[in-house]
Every structure is written in C-alpha cells, then in structure tokens.
Amino acid sequence: MLVVRAITADDLEALLDMAGQVGSGMTTLKPDRKMLGDRVSIAVQSFAETIAPEKRDYMFVMEDTSNGRMAGICAIKGAVGLDEPFYNYRIGTLVHSSRELDVFTRMETLYLSNDLTGSTELCSLFLHPDYRVGNNGKWLSKSRFLFIAQFPHLFTEKLIAEMRGYQEEDGRSPFYEGLGRHFFKMDFNHVDNLTALGKKSFIAELMPRQPLYVDYLPDDAREVIGKVHTSTAPARRLLEQEGMHYEGYVDIFDAGPVLQARVSELRAMRDSIVVTADVAALPAPGEPTLVSNTTLHDFRMIVASAAPAQGAIALSPDELALLHCQGGDQVRTLSLNVRKNAHV
C-alpha cells in the first residue's frame with residue numbers, strides 16, 4: 001500500500017537515488033548529497049516547527065509500505081527569495097508609435113524580475129517510473145494542497161509553481177541557446193547545477209537589467225516561451241485543476257511557465273472538509289478521496305475508496321494504520337478528482 005508522509009532523516013539515501021533519475025531542468029532535486037542532506041534537515045525542522053514558517057521546506061515522500069521503497073517526492077517551500085534572490089522573466093509589452101509615419105507597434109519584452117519574492121512555492125515533484133500508474137501521480141501532486149488546507153496559517157497568500165521548461169529530446173533548451181548562452185557562456189546543465197547549489201549571484205552580474213525584445217530571439221526560442229517540458233504537461237494540468245494559472249512569468253533559463261494562485265482560492269481550501277474517521281471492515285466503495293490526518297509533525301495521507309458522508313468517512317483498519325489514526329480521530333478529506341460541474 002502507498003502512503004504520502006512527512007520526510008525523515010532516514011530517507012536521505014533513497015532520496016539521493018531518486019534524484020539521480022530526475023535529469024536536468026529541476027534545480028531543487030539534484031543528486032548532491034550535501035544539498036539534499038541540508039534540505040532534509042530543514043524539512044525535519046519544518047515539521048517539528050523549530051524554525052520560522054518562512055524558512056520552512058516541507059518535503060513529502062510517497063512510500064510503498066509493502067517493500068519500503070520511495071515511490072515519489074514533492075515539497076512546499078514556505079517562502080522563496082528571502083535569503084537569496086529569486087529571479088523570473090516577466091513578459092511585458094512596449095508600444096512604439098509614430099504619428100508622422102502612421103506606425104504603431106506592440107512588442108513583447110522580457111523583464112528580469114524579483115516580483116514573486118516571498119511567495120510560497122510548490123516544487124520537487126517527481127514520481128518514480130515504476131509507480132506511474134493509476135492515480136499515483138495525481139495523488140502525489142494534489143497531496144500538497146490538502147496539507148495547505150489543513151495548515152493555511154503557515155503559508156503566504158500567493159502560491160507559485162515553476163514548471164520545467166521545454167527541452168528537445170537530446171536535452172537542448174532552445175530558449176537557453178537563443179538567449180542565456182550569450183550572457184553566461186556555459187552549458188545549460190552547468191548553469192542549472194549552479195542555481196541548484198544556491199550560487200545565483202552570477203545572474204544579476206551577467207544578465208542585462210533592461211527589457212529584452214522577444215522578436216530579437218531565434219524562432220525556436222520564441223516558440224517555447226511559457227511552454228512546458230513534454231513530461232511536465234500532465235503536472236501542469238493537475239495544478240490548473242486545483243486553481244493555479246499562468247500570469248506571464250517564466251523561468252530565466254528555460255522559459256518554463258510559473259503558475260500562480262491565491263491560497264484562499266484553491267479548490268482544497270473551498271472543498272476539503274474535516275470529518276471523523278469511522279472504523280469499517282469493508283468501507284463502502286465510492287469515488288477516490290484524499291484523506292489525511294491533522295498532525296503537522298507526523299503528516300500522512302492516503303487515497304481511500306470511500307467518500308465522506310454525514311460528518312464521517314469509513315476507513316479500514318489498514319487505512320487507519322497508514323494514517324497513524326484511530327477510529328474517532330479527525331481527518332481531512334478532499335475528492336481526488338475535480339467534479340465536472342465544479343468551478344476552479
């Protein structure tokens with residue numbers, strides 16, 4: 001059986017193995033022992049509430065309890081850009097006109113921006129290929145929203161998610177080759193690794209501060225602005241179902257879109273409910289439902305086949321054990337799938 005739970009210090013080795021399969025373009029999951037070791041340490045302190053909310057980095061593990069394998073990983077950072085700069089390009093418009101020549105043009109521009117500093121960030125979503133079946137990917141991604149709904153006071157009002165930008169099959173980033181390489185004079189993976197390790201001062205030192213005209217870029221670079229990596233498209237759709245949307249901010253290296261939402265407008269904030277766990281030998285079948293306990297330091301979540309009714313949800317003894325709950329405990333629930341008539 002699978003459970004999504006708070007990461008522990010004992011998960012570091014499995015996390016390193018997982019990060020080795022991610023590939024380029026995800027700066028928050030590099031197979032670097034010190035970087036991941038520091039992240040796990042901060043995550044453990046985050047769940048224990050021994051550091052300030054804005055410094056927290058909540059990491060969640062999807063574990064296969066039948067064999068102890070790590071099936072997936074995801075995370076929520078309390079706030080970005082407070083200790084080190086957080087850069088994006090903001091897509092803007094400049095208008096040039098001449099009444100004498102009767103010429104009026106609108107041109108898209110890229111502005112180097114720190115506008116999203118201080119936002120809560122969803123990040124580090126990765127599901128092991130062996131577990132990419134059924135609802136596992138959807139569940140792993142959406143687990144973070146139920147956590148936010150249970151503990152909204154820990155997060156800022158603005159929520160963001162940087163999506164992995166488009167790359168060709170050989171790993172080439174058209175946007176980086178068309179723009180970034182001219183300023184950084186190094187390969188995409190090298191730049192990606194530097195930012196993953198927190199070495200970001202070179203961005204401000206080497207990137208121009210004035211607006212960049214999109215029309216000056218090569219065709220293949222222009223075409224991928226705001227476009228996600230092929231393998232990231234399903235993750236984008238899931239986030240959009242939960243209330244996130246694209247507002248014209250992109251990554252400065254691969255031009256992947258940054259999705260945004262107001263925490264108060266998320267589906268999980270609107271539709272999740274707290275009910276009582278009811279012990280049942282054979283829960284009545286229903287639509288897949290996300291169910292979590294309400295404990296910060298030992299947060300755990302499953303997908304149950306029963307739906308809540310009359311203030312309770314029927315859970316089997318095995319499901320209660322996965323949640324570290326007993327009958328009569330409070331749990332938070334949310335339908336896994338967005339109802340077709342729901343407004344997101």
Side-chain angles (χ1 to χ4, degrees), residues 1-8 10-11 14 18 43 47 58-76 125-152 238 241-242 266-340 342:
M1 298 181 74
L2 296 175
V3 63
V4 171
R5 59 168 176 79
I7 201 168
T8 69
D10 293 337
D11 292 314
M18 178 85 68
F47 288 110
Y58 301 95
M59 299 183 74
F60 305 90
V61 168
M62 176 179 276
E63 179 187 356
D64 185 342
T65 59
S66 67
N67 54 27
R69 285 186 67 188
M70 183 181 291
I73 188 80
C74 62
I76 312 170
L125 177 69
F126 184 75
L127 183 63
H128 192 285
D130 292 350
Y131 291 89
R132 293 177 186 174
V133 294
N135 289 320
N136 292 346
K138 184 184 296 187
W139 167 20
L140 182 62
S141 176
K142 296 189 178 189
S143 63
R144 297 170 294 185
F145 293 102
L146 202 58
F147 183 81
I148 291 172
Q150 179 61 35
F151 308 105
L238 291 176
Q241 288 176 3
E242 297 304 313
L266 294 173
R267 180 178 77 100
M269 294 292 292
R270 182 180 67 245
D271 293 349
S272 70
I273 56 173
V274 175
V275 297
T276 300
D278 186 15
V279 183
L282 293 173
E287 66 177 53
T289 303
L290 295 171
V291 184
S292 78
N293 64 21
T294 57
T295 307
L296 177 61
H297 71 271
D298 185 30
F299 185 79
R300 301 174 74 87
M301 177 185 297
I302 63 170
V303 172
S305 60
Q310 298 179 330
I313 185 169
L315 300 173
S316 71
D318 287 343
E319 289 173 330
L320 286 171
L322 286 174
L323 291 170
H324 288 181
C325 286
Q326 299 178 343
D329 286 350
Q330 298 288 289
V331 294
R332 182 172 289 274
T333 68
L334 176 70
S335 62
L336 178 66
N337 300 312
V338 179
R339 296 182 178 89
K340 292 183 178 179

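The side-chain hydrogen bond (donor to acceptor under 3.5 Å, both in side chains) test with Q330 is passed by exactly one of T294, T295, T276, N293: T276. A side chain to side chain contact (heavy atoms under 4.5 Å, CB included) with V291 holds for exactly one of L336, L315, L322, L334; it is L315.
Side-chain contact annotation: T65 with R5, donor-acceptor N/O pair under 3.5 Å absent. Under 3.5 Å, the side chains of S66 and D64 contain a donor-acceptor pair of N or O atoms.
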Any chance you could lay out the side chain to side chain contact (heavy atoms under 4.5 Å, CB included) test for K138 and N337, step after step, and finish with the verdict?
CA-CA 9 Å; K138 184 184 296 187; N337 300 312; 2.6 Å; yes
Y131 vs L140, test: side chain to side chain contact (heavy atoms under 4.5 Å, CB included). Steps then yes/no.
CA-CA 11 Å; Y131 291 89; L140 182 62; over 6 Å; no
Please step through side chain to side chain contact (heavy atoms under 4.5 Å, CB included) for the pair M301 and W139, ending with a clear verdict.
CA-CA 9 Å; M301 177 185 297; W139 167 20; 4.0 Å; yes
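Residues E242 and V338 have side chains in contact (heavy-atom distance under 4.5 Å, counting atoms from C-beta outward).
In this structure, the separation between CG on N136 and CE on M62 is 5.0 Å, given to the nearest 0.5 Å. Rounding to the nearest 0.5 Å places CE of M18 at 6.0 Å from NE2 of H128. In this structure, L266 CG and I148 CD1 are separated by 6.0 Å, a value rounded to the nearest 0.5 Å.
In the displayed structure, E287 atom CD is contacted under 6.0 Å by more than 12 heavy atoms of other residues, nucleotides or ligands.
The two residues L125 and C74 come nearest to each other via the heavy atoms CD1-CB, 3.8 Å. Considering every non-hydrogen atom in both Q241 and R267, the closest pair reads O-CD, 4.4 Å. Of all the heavy atoms in P152 and M269, the pair that sits closest is CB-CE, 3.9 Å.
Between F147 and F60, the distance from one ring center to the other falls under 6.0 angstrom.
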